Amino acid sequence: MTSGSARSDFVKSVRTGFSVASSPSMGFRLEDGRRASTSSTTTSLFRIASPISRRARFMCPGNQLIFSMIRPARRAIFLLASAHDSEPRPTGGTLLIGGVTMSSSESIRSMLRRESAGGEAVVRGWLRTVRHGKGVSFLDVSDGSCMDGLQVVASPETAGYEEVVKQLSTGCSVVARGELVDSPAKGQRFELKARDVELVGDAGEDYPLQKKRHSFEFLRTIAHLRPRTNTIGAVLRVRNAASMAIHEFFQREEFFYLHTPIITASDAEGAGEMFRVTTLPVGDPPRNKEGQVDDAQDFFSRPAYLTVSGQLEGEIGALAMSRVYTFGPTFRAENSNTARHLAEFWMVEPEAAFYDLDDLAALSERFLKSVFKDVLDRCEDDMAFFEKRIEKQAIERMKTVIERPFERIPYHEAIAILEKARDRGESFEFPVGFGLDLQSEHERYLTEKHTGCPIVVTDWPKDIKAFYMYRNDDEETVAAMDVLVGGVGEIIGGSQREHRADVLEATIRAQGLEPDDYWWYLDLRRFGSVPHAGFGLGFERIIQFITGMANIRDVIPFPRTPGSAEF
RNA sequence: UCCCCGGUAGCUCAGCUGGUAGAGCAGGCGGCUGUUAACCGCCUUGUCGCAGGUUCGAGUCCUGCCCGGGGAGCCA
């Protein structure tokens with residue numbers, strides 16, 4: 001076993017994305033005892049997919065040093081270096097350790113978080129802008145890992161300066177190697193003093209993205225390139241962070257991630273128009289004696305659709321696993337053309353057994369606070385960008401949700417508050433009264449002017465809510481809740497579910513639905529039924545709230561809307 | 001689906017009550033510069049969304065269609 005401080009320091013400096021090449025062949029052993037070897041004829045590259053952690057170990061069979069790390073449930077990840085050279089040395093753009101050449105694919109995010117300048121760095125990415133001067137060129141390179149790019153400074157001493165650097169333009173992909181140094185100018189902490197710059201992929205003068213502001217409408221027409229912009233890049237990083245925050249929240253609360261179906265045979269979910277899924281020939285489908293399309297010959301022997309909600313299946317999960325959540329794509333074939341609707345979007349739907357409406361309201365409060373806090377913590381730069389360029393209130397209104405306790409108000413009280421406000425002269429465009437749904441203006445009045453904190457409106461009139469919601473004793477309301485927040489209004493909708501078979505069946509009939517279509521849903525109420533509750537939220541709506549992006553098409557990488565499914 | 005608004009250079013837009021097209025940016029050339037949406041000078045670029053119509057003449061007026069945006073409904 002080789003140890004020594006030089007080597008330890010080296011290991012510490014290895015970050016996410018490092019890769020290592022060995023040449024010629026080397027045999028080695030992984031930490032778990034398996035044998036592996038590099039090719040004897042070609043240089044082998046091993047990419048490190050996560051930072052070397054405390055789990056990293058050294059082993060030294062023969063004169064080869066192996067840093068290995070096993071990630072749980074993933075393939076082994078390892079670094080090689082030979083043992084006879086204790087100090088990594090920079091040579092011509094690569095780190096050489098013994099007979100092993102090493103090149104970094106450290107992300108810019110990671111580079112900018114180094115404690116101090118100095119040391120080799122390799123940046124791989126796409127040029128945002130290029131500024132040529134006499135005897136010096138500045139390349140703004142972005143690799144998407146964070147808001148900031150890395151400024152690469154090239155000069156006549158840089159290999160490839162005349163042939164490569166001078167020809168670079170916005171959009172080119174490059175690899176630049178050199179030393180990470182403190183920047184003498186304002187605008188960035190570090191910069192890369194380039195020893196050599198390599199053009200990987202050229203971008204012509206017709207590259208659509210320019211170093212100026214583009215309209216979001218235009219960017220939607222080039223959705224294959226828009227992730228390279230500041231705004232969409234930040235959106236995608238926030239989406240990623242929010243996704244992880246959601247999973248982490250539910251895992252912490254002991255909810256199981258349940259995979260509900262994308263294709264459903266039930267057309268009776270009642271949450272909107274559905275997309276038909278069929279393998280029948282569109283132009284000439286088989287027909288029955290009556291001349292109707294013969295669904296019995298279709299793939300599923302019956303009509304099938306894309307799901308509009310995982311809730312009903314979520315209830316199946318909750319009534320076995322106690323607590324589950326879904327987080328997956330959802331489809332609505334509504335012809336709605338607004339900044340808040342997509343034909344394909346992602347929905348989060350927790351469902352919990354032995355939960356009543358109070359439990360659910362408390363869960364939604366913990367949920368929003370946790371997700372927003374995580375995103376604020378992990379996407380500081382991105383959020384600063386949104387606050388500065390997109391929506392001044394972006395951070396502030398998230399903090400309001402995080403810091404203020406949610407207030408619970410029954411629907412009838414909310415109506416009374418609104419009526420009183422109206423009588424005092426508050427002007428509402430839409431009418432207020434018991435039995436009427438709350439419009440966006442009403443929701444915003446309650447949360448912004450009345451309390452200034454998030455509000456959970458509970459116990460809604462049964463006639464404006466869905467059949468599966470728990471009928472309250474007053475026979476007039478159901479145990480439904482809407483969570484309202486400043487800026488956008490409703491952000492979460494949920495309910496305690498009707499778990500009494502007779503009440504549920506009566507409601508299904510009363511709403512003109514066919515109980516046979518819900519046979520398994522009703523069965524759940526016949527076999528070990530328990531009170532349970534759940535809510536749903538549109539993931540993109542949450543991202544809109546977080547980022548302040550006005551149009552939902554700009555918070556999803558590939559928006560699907562009526563008449564639009566390019567990319 | 002309904003109601004409004006829009007579609008002019010690669011991008012962002014201007015073009016008054018009809019007289020046959022302009023700016024900034026991008027691109028090219030030159031200059032200057034440790035620059036950072038760099039700057040300065042010169043230069044290039046258009047089936048004015050598509051199809052009809054009115055008119056001596058249409059980017060401009062009328063009709064239809066297509067596309068985009070905003071609002072409404074529906075909802076997440």
Side-chain angles (χ1 to χ4, degrees), chain A residues 127-142 148-155 169-171 181-189 191 193 203-222 225 229-230 269-274 307-311 326-349 389 429-430 437-441 464-466 482-483 488-494 535-545 550-556 559 561-564 566:
Chain A
L127 293 183
R128 285 290 177 76
T129 72
V130 187
R131 294 176 295 277
H132 297 294
K134 185 190 261 178
V136 61
S137 288
F138 300 95
L139 319 178
D140 278 351
V141 181
S142 167
D148 291 325
L150 183 69
Q151 172 159 283
V152 174
V153 185
S155 65
S169 59
T170 302
V181 299
D182 287 314
S183 180
K186 283 182 180 168
Q188 58 281 316
R189 188 173 157 226
E191 61 187 28
K193 192 176 170 192
E205 61 186 67
D206 55 343
Y207 182 65
L209 289 172
Q210 298 171 11
K211 51 180 155 188
K212 63 168 202 166
R213 212 184 159 283
H214 287 290
S215 68
F216 291 128
E217 292 95 304
F218 170 67
L219 292 178
R220 276 170 226 149
T221 69
I222 51 165
L225 297 173
T229 63
N230 280 337
E269 295 186 32
E273 292 294 313
M274 303 175 85
T307 183
V308 293
S309 163
Q311 180 201 315
T326 73
F327 186 1
T330 302
F331 308 88
R332 302 280 166 88
E334 302 285 354
N335 187 11
S336 48
N337 273 296
T338 81
R340 299 178 306 282
H341 290 87
L342 290 165
E344 176 182 291
F345 62 98
W346 288 67
M347 194 147 71
V348 179
E349 294 173 293
R389 295 289 182 81
E429 192 183 339
F430 294 92
D437 206 353
L438 297 187
Q439 298 292 327
S440 185
E441 58 175 350
I464 59 172
K465 290 290 181 183
D482 280 5
V483 180
V488 296
E490 179 186 341
I491 197 164
I492 283 180
F535 64 72
L537 83 155
F539 182 60
E540 283 73 20
R541 295 266 176 95
I542 287 276
I543 301 300
Q544 277 189 280
F545 179 83
N551 197 309
I552 200 165
R553 295 162 201 174
D554 302 321
V555 297
I556 188 167
T561 53
S564 174
E566 193 81 33

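What you see is a predicted model, and the numbers here were worked out from it, not measured in a lab. So you know, we letter chains A, B, ... as the sequences are listed, proteins then strands, and number each from 1.
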Mind calculating the distance between [atom1] ([X]) and [atom2] ([N]) to the nearest angstrom?
X	N	atom1	atom2	value
A:H132	B:C32	NE2	C1'	15 Å
A:F331	B:C74	CZ	P	24 Å
A:D140	B:A38	CG	P	8 Å
A:L438	B:C75	CG	P	14 Å
A:W346	B:C75	CH2	P	24 Å
A:R332	B:C75	CZ	P	9 Å
A:E566	B:G68	CD	C1'	15 Å
A:I552	B:G71	CD1	P	13 Å

Would the base of [N] count as contacting [X] through its side chain, where contact means a donor and an acceptor less than 3.5 Å apart?
X	N	answer
A:E273	B:U1	no
A:Q210	B:U12	no
A:E191	B:G34	yes
A:H341	B:C75	yes

Can you tell which of [options] lies closest to the side chain of [X]?
X	options	answer
A:T129	B:G71, B:A38, B:U35	B:A38
A:K134	B:U12, B:U35, B:U33	B:U33
A:Q151	B:C32, B:G34, B:C74	B:G34
A:R340	B:A72, B:U35, B:G34	B:A72
A:F430	B:G73, B:G34, B:A38	B:G73
A:F218	B:U35, B:G70, B:C11	B:C11
A:E334	B:U35, B:C74, B:U33	B:C74
A:V153	B:G70, B:G34, B:G73	B:G34
A:S564	B:A72, B:U12, B:G68	B:G68
A:R220	B:G69, B:G34, B:C32	B:G69

Min side-chain heavy-atom separation A:L219-A:L209 under 4.5 Å =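 A:L219 reaches A:L209 side chain to side chain.
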request  = State, with a plain yes or no, whether a side-chain heavy atom of A:Q188 is found less than 4.5 Å away from one of A:D140.
outcome  =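 No, every pair of side-chain atoms sits at 4.5 Å or beyond.
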Watson-Crick/G-U partner (both atom distances under 3.5 Å) of [N]:
N	value
B:C50	B:G64
B:C11	B:G24
B:C74	none
B:U33	none

Determine the Euclidean distance between corresponding [atom1] atoms of [M] and [N]; express it in Å to zero decimal places.
N	M	atom1	value
B:G53	B:G68	C1'	26 Å
B:U45	B:G24	P	15 Å
B:G15	B:A23	C1'	11 Å
B:C67	B:U17	P	29 Å
B:G46	B:G10	C1'	11 Å
B:C32	B:G70	P	48 Å
B:U63	B:A72	P	27 Å
B:A21	B:C25	P	23 Å

Under 4.0 Å between any heavy atoms, over every strand shown, what does [X] touch: base, sugar-phosphate, or nothing? Just pick one.
X	value
A:P184	base
A:T338	base
A:S183	base
A:E540	nothing
A:L342	base

Quick check: does any side chain N or O of [X] sit under 3.5 Å from a backbone N or O of [Y], one acting as donor and the other as acceptor?
X	Y	result
A:E349	A:G310	yes
A:E540	A:W346	yes
A:R340	A:I552	no
A:T326	A:Q311	no
A:E344	A:T330	no

message = Does B:C74 have OP1 or OP2 under 4.0 Å away from a side-chain N or O of A:S336?
response =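 Checking A:S336 against B:C74: no side-chain N or O falls below 4.0 Å of OP1 or OP2.
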query = Want to settle it: does A:R553 or A:N337 sit nearer the 5' end of RNA chain B, counting the closest nucleotide to each?
reply =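 The residue mapped nearer the 5' terminus is A:N337.
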query = Closer to the 5' end of RNA chain B via nearest nucleotide, is it A:E217 or A:E344?
reply =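 So the residue in question is A:E217.
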inquiry  = Looking at A:R389, I'd like to know if its CZ atom is crowded, meaning that more than 12 non-hydrogen atoms belonging to other residues, nucleotides or ligands lie closer than 6.0 Å.
reply    =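 Not buried by this count: 12 neighbours or fewer within 6.0 Å.
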ask   = Rounded to the nearest 0.5 Å, what separation is found between the CD atom of A:E217 and the CZ atom of A:R553?
value =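 With rounding to 0.5 Å, CD (A:E217) is 9.5 Å from CZ (A:R553).
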